[in-house]
> 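Got a structure for you, questions after.
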Amino acid sequence: MNKKVRFLQGNEACVEGAIYAGVDFFAGYPITPSTEIAERLSEYLPQRGGKFIQMEDEIASMCAIIGASLTGKKVMTATSGPGFSLKQEAIGYACMAEIPCVIANVQRGGPSTGNPTHVSQGDINQARWGTHGDHSIIALTASNHQDVFKMTVDAFNMAETYRTPVILLFDEVIGHMREKLVIPEEGELEIVDRLRTSVPKDVDYHPYLPREDGRLPMSDFGGEHRYNVTGLFHDMWGFPSNNPKIVNELLRHLVDKIDNNVQAITRYKEHCLEGAEYILVSYGSSARSAIHLAQNRRNKGEKIGVLELQSLWPFPTELVREKCARAKAVLVVEMNMGQVLTQVKAAVDNPDRVFLANRIDGKLITPSDIKRLLRVIQGRGV
Amino acid sequence: MAKKKLLEIMINRDWCKGCGICVQFCPTKVLELDGREKVVAVRPEDCICCKMCELRCPDLAIEVLTQEGDKDE
Amino acid sequence: MAVKDYLRERFFPHMWCPGCGHGTILNALVHAVEELELNKNEIVMVSGIGCSARISGYVDFHSLHTLHGRALAFATGVKLSRPNLKVLVPMGDGDALAIGGNHFIHAARRNIDITAIVMNNRIYGMTGGQFSPLSGPGVKATTAPYTTIDNNFDVVELAKAAGASFVARSTAYHVKESTELLKKAILHKGFSVVEILSQCPTHYGRKNKEGDAVGMLELQKTNTAKLGSKALEDNPGLIPRGIFVEKECPEYCEEYDKIIAQAMKGRNS
C-alpha cells in the first residue's frame, strides 16, 4: 500500500499527528500563528465523531478540554503567546488534578501582543514556570513536519502515561512553513491509551492513589465511580486536604512522576555530532539553520555537530552534559534571550565555553548568523 | 388526600449549627433551641408534617418521618 | 432513594456558617434530584471557587471543583463530550457574574444543556465580605466601607438577554418553590438559569443591619413576590420570583450531532 504523503503546513502536521494519536475533543480560540490547528480540527473531528468547539476565550478553551478529558476523551487545544499566558491558571489545574491534555503553543514574538506573525522561541521558560507553584511539566518541540507529527503523537502518549498537561512548543516558522509529511501507517507508531481502573463497581476506588509504577488508573465521569476532582491539595479520593503529610506527598508526587522519568521522556536528535569540537545545541526552526551550517561545514572538514533537543522540559541535563563533554565550545542557537542557554550552562562542566547564538527580531536565525559567532569563538576573526 | 401522620422528627445534633431558622418559621412552634444551641422538638404533638423545617434547614440536620394516612395505601 | 443517599455524609457538618443560605440551596437541590429519581452516575456537578463552590464536595455525584469563575467553561467540556450526563453548575456571585461573567453569557448564548444555579448572596463570603457585582449600590462591605457605588446585574435580565432558554428566580426562604424550579430547570433541554437569593448572615447581614439568618429570610419573604401576583402588581418594586423564560430552542449538543452527521456524510460520499 502506498504511504500517505502530504504537503502541508506544520500546524496541519500537528493536526495529522493529533488525529493519529486519537484526539477526540478540541476547544480553542483563534490566535495567530496557531489558528490552522483549530481550523483543520473543526473540519476533521466531526468526520470522526469527535467534537470541536470554539470557546469564548483562551481560558475557557483550556477549561473545556480539561472537562472533556475527565469524561475519558483525548483532548487538545492550540494557542500562541498571549493565549498561552491566559491558559496558565488552568494548566496548573490540570497539573494538580492530574488530567491528561495537550496544549500546542505556536510561538510568536512577545512580551504582550508582541510580534504576532513572526517567529520567536520566547516561551520556553513560560512553558516550564508559567503557572504558579511548584510542579513539573513536559514540553516537546520539533524542527520539521515529520517530527511535528511524531512529537504530537508523543505528546498525547505522555499526557496519558503521566496524567499531565503536555506542551507542544512549536514556533511560527514551523507552524506556517509547508513541507512534506509521510503519514505513518496505523500501528507504525505506538499509541498509549488511557489507563482505566479495574476496580469494580461499589468497591472503594482511589483516583489519586498512585500504583507502584506511579501511574494513576482513571475512571471516566459518567462511570461507576463517583469521585471528586479539585485544584486544592487533595487526598487519595480527590477530596480537599491541608494535612501537611498529604500536601507534602502530593507535591513530591507531582514533581517526581515527571522528573524521575526524564530519560524516558527525553527526545533528541544528533546531526554530525560524532567527534564534534563545536556543538550547536538547538531546537525548533532554529535547529534547521544549525543543522544546515553543521552539514555545510562538515563537508569542508570542520568538526561541527548539532544536538537537536526535541524535549525541553524536563530539561535533559544529563544528556546535554554527556554530549557536550568533549566540545571545545557549545553554541546554543535559539530565538530568545537565552532561555535554553541557561539550562545548558547549568548542565555542562564548563559553562564559560557555552555561548548564545540568537536572533530576537522576528526573523528566522540563519546559518550565517550562527557562523559569524562561531568564527569569533574559533578565533578566526570577526 | 390523606393527612400525613408524624412518626418522628429526627434531628442530627452533630450537623445542627443552631441558626434558629426552623424554630422561627415552624408554623406550629414545635421546635426550640436548647442550652447548647441545638434544635429540639419540644411539642411534636403539634407538628402538622409540613416538612418546611426539613427543607429549609441549611445544615440538612432535620428529617421529618411521616406515615401516609389511611386513604393512601 | 432517600435524600441522604445523595450526600457524602462523611463531610458533614458542612463548612458553611450557621444560617448560611447555601446550605438550604443544597437541601433544595438534593430534594429536587431525589424527587426526579436521577441516577447519581449520570450527574456531574461542576463548581468554581468560593463558599458556594464547596457544594460539589457534599453531593455524591461526579464532582468537579474547578477555578474561580470557570465552572461553566469546564462544564461545557464535560457536557459536549458526554451529552448524556446531567451537568449542574452552582455558582456564587463572583463565579457566575464577575470573573465568570463571560462564560455565563456565552453558555447562555450557546443554549448548551447545563443547569446554572446562581447562589446570590450579594457578597464574597470566603474572602471575608467584599462586595460583588450583585451587591448593588449603597451596600456596606469590607471593600466598600463608605458603601458601594457599583450597580448590580439583574441575573434574570442578563440570562434572558444572553439567550438562556429557561430562567427562574426564587429564594432560600421559598424552598419548596426553589425545589420545583430546580426540578424544571434540570429537566429543561437547553441552558437553564435558576437564581436563588441566598443569605450570608456572617458578612452581609451583620454589616448591612439585616440581622441574623432569620432576619434575612424575613426580608426574602417580604421583599419578593410571585410573578403575576397581586402583591407584585401593587408593589412593582418587589423582586419578582418565578419562571421568566421557558422556551424550546435548538440545544448546542444536539446541533453539534447534526454537524457530525453532515461531516460524516460528506466524508463517506
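Atoms considered below: every heavy atom in the structure, side chains included; atoms not considered: hydrogens, waters and symmetry mates. Labels below follow one simple rule: chain letters A, B, ... track the order of the sequence lines, proteins then strands, and each chain is numbered from 1.
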> Which atoms form the tightest heavy-atom contact between B/R56 and C/T24, and what is the distance?
O-OG1, 2.9 Å
> Could you tell me whether a side-chain N or O of B/K17 sits under 3.5 Å from a main-chain N or O of C/W16, the two making a donor and an acceptor?
yes
> Just wondering, more than 12 heavy atoms not from B/E45 lying within 6.0 Å of its CD?
yes
> Hey, does C/K4 have a side-chain heavy atom less than 4.5 Å from the side chain of B/L60?
no
> Would the number of heavy atoms belonging to other residues, nucleotides or ligands and lying under 6.0 Å from CZ of C/R10 be above 12?
yes
> So B/F25 and C/Y173, would you call those rings parallel, tilted or perpendicular, with 30° and 60° as cut-offs?
perpendicular
> Which atoms of C/Q199 are under 4.5 Å from chain B, going by heavy atoms: the side chain, the backbone, both sets, or neither?
side chain
> Answer yes or no: is there a donor N or O on one side and an acceptor on the other, between the side chain of C/H14 and the main chain of B/P58, under 3.5 Å?
yes
> State whether the number of non-hydrogen atoms from other residues, nucleotides or ligands found under 6.0 Å of C/K226 atom NZ is greater than 12.
no
> Which bit of C/M216 is near chain B, if near means a heavy-atom gap under 4.5 Å: side chain, backbone, both or neither?
neither
> Identify which part of B/C50 has an atom lying under 4.5 Å from any heavy atom of chain C, answering side chain, backbone, both or neither.
backbone
> Measure C/L7 against the heavy atoms of chain B and call it side chain, backbone, both or neither at under 4.5 Å.
side chain
> Give, as side chain, backbone, both or neither, the part of B/E54 having an atom under 4.5 angstrom from any heavy atom of chain C.
both
> So, does C/N27 use its side chain to make a donor-acceptor pair with the main chain of B/L55 at under 3.5 Å?
yes
> Does any N or O in the side chain of B/D59 come within less than 3.5 Å of the main-chain N or O of C/P18, such that one atom is a donor and the other an acceptor?
no
> Looking at C/K184, I want to see if its NZ is surrounded by more than 12 non-hydrogen atoms of other residues, nucleotides or ligands under 6.0 Å.
no
> If you take all heavy atoms of B/C19 and C/V214, which pair is closest and at what distance?
O-CG2, 4.1 Å
> Kindly determine whether B/K51 and C/K176 satisfy side-chain contact (heavy atoms from CB on, under 4.5 Å), including the steps that lead there.
CA-CA 10 Å; B/K51 296 198 182 188; C/K176 277 195 167 161; 5.8 Å; no
